[in-house]
K.L.:
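There's a structure below that I have some questions on.
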Amino acid sequence: KKRGRKLGANGAKLAVVNRRLADEFAVSVSYTVREIGIGKSYSEIARQLNENGIQTRNGSRFYPQTVKNLLLRIAVDGSNELTRSATKAA
């Protein structure tokens, strides 16, 4: 800091890469999530994904909040029918 050097530049680069990877994962599972999730709550969608053996990008289980974040990433503008129906059911 004292030398005028910008700190955290590597973190900013990693954030860009992580966002891109998260977007790619969301696209790769979007069809499956849409098939499973129409008219269901986040909890029901997470349970179904886990029962089908589908894991998150990091290899973890799905939780209701994970599903919500995924749906928001798939339909950023909120115009997705699945996002609206899951929000109503939750």
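Computed from heavy atoms alone, side chains included, the values below leave out hydrogens, waters and symmetry copies.
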K.L.:
Verify side chain to side chain contact (heavy atoms under 4.5 Å, CB included) between Leu21 and Val17, making sure each step is shown before the conclusion.
P.N.:
CA-CA 6 Å; Leu21 291 172; Val17 170; 4.0 Å; yes
K.L.:
Any chance you could lay out the side chain to side chain contact (heavy atoms under 4.5 Å, CB included) test for Thr32 and Leu49, step after step, and finish with the verdict?
P.N.:
CA-CA 9 Å; Thr32 304; Leu49 288 169; 4.3 Å; yes
K.L.:
Taking a hydrophobic cluster as the set of Ile, Leu, Val, Met, Phe, Trp and Tyr residues connected by side-chain heavy atoms closer than 4.5 Å, whether directly or through intermediates, do Val29 and Val27 fall within one such cluster?
P.N.:
no
K.L.:
Search all heavy atoms of Arg34 against all heavy atoms of Ile38 and return the closest pair with its distance.
P.N.:
O-CG1, 3.3 Å
K.L.:
Report the C-alpha distance between Leu71 and Val67 in whole Å, list the side-chain angles of each, state the deciding distance to 0.1 Å, and finish with yes or no for side chain to side chain contact (heavy atoms under 4.5 Å, CB included).
P.N.:
CA-CA 6 Å; Leu71 291 174; Val67 172; 3.9 Å; yes
K.L.:
What's the separation between atom OG in Ser30 and atom CG in Asp23, rounded to the nearest 0.5 Å?
P.N.:
11.5 Å
K.L.:
Scan the side chains in residues 58-66 for donor-acceptor partners under 3.5 Å anywhere in the protein, sequence neighbours excluded, and list what turns up.
P.N.:
from  : atom 1 : to    : atom 2 : distance (Å)
Gln65 : NE2    : Asn69 : OD1    : 2.9
Thr66 : OG1    : Tyr63 : N      : 3.4

K.L.:
I'd like to know if the side chain of Gln48 and the backbone of Ile45 have a donor-acceptor N/O pair within less than 3.5 Å.
P.N.:
no
K.L.:
Could you give the distance from CZ (Arg73) to NZ (Lys68), rounded to the nearest 0.5 Å?
P.N.:
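These two atoms lie 14.5 Å from each other.
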K.L.:
I need the minimum non-hydrogen distance between Gln55 and Phe25, along with the two atoms involved.
P.N.:
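What the structure gives for the nearest pair is O-CZ, 3.3 Å.
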K.L.:
Below 4.0 angstrom, N of the basic side chain to O of the carboxylate: do Glu24 and Arg20 qualify?
P.N.:
yes
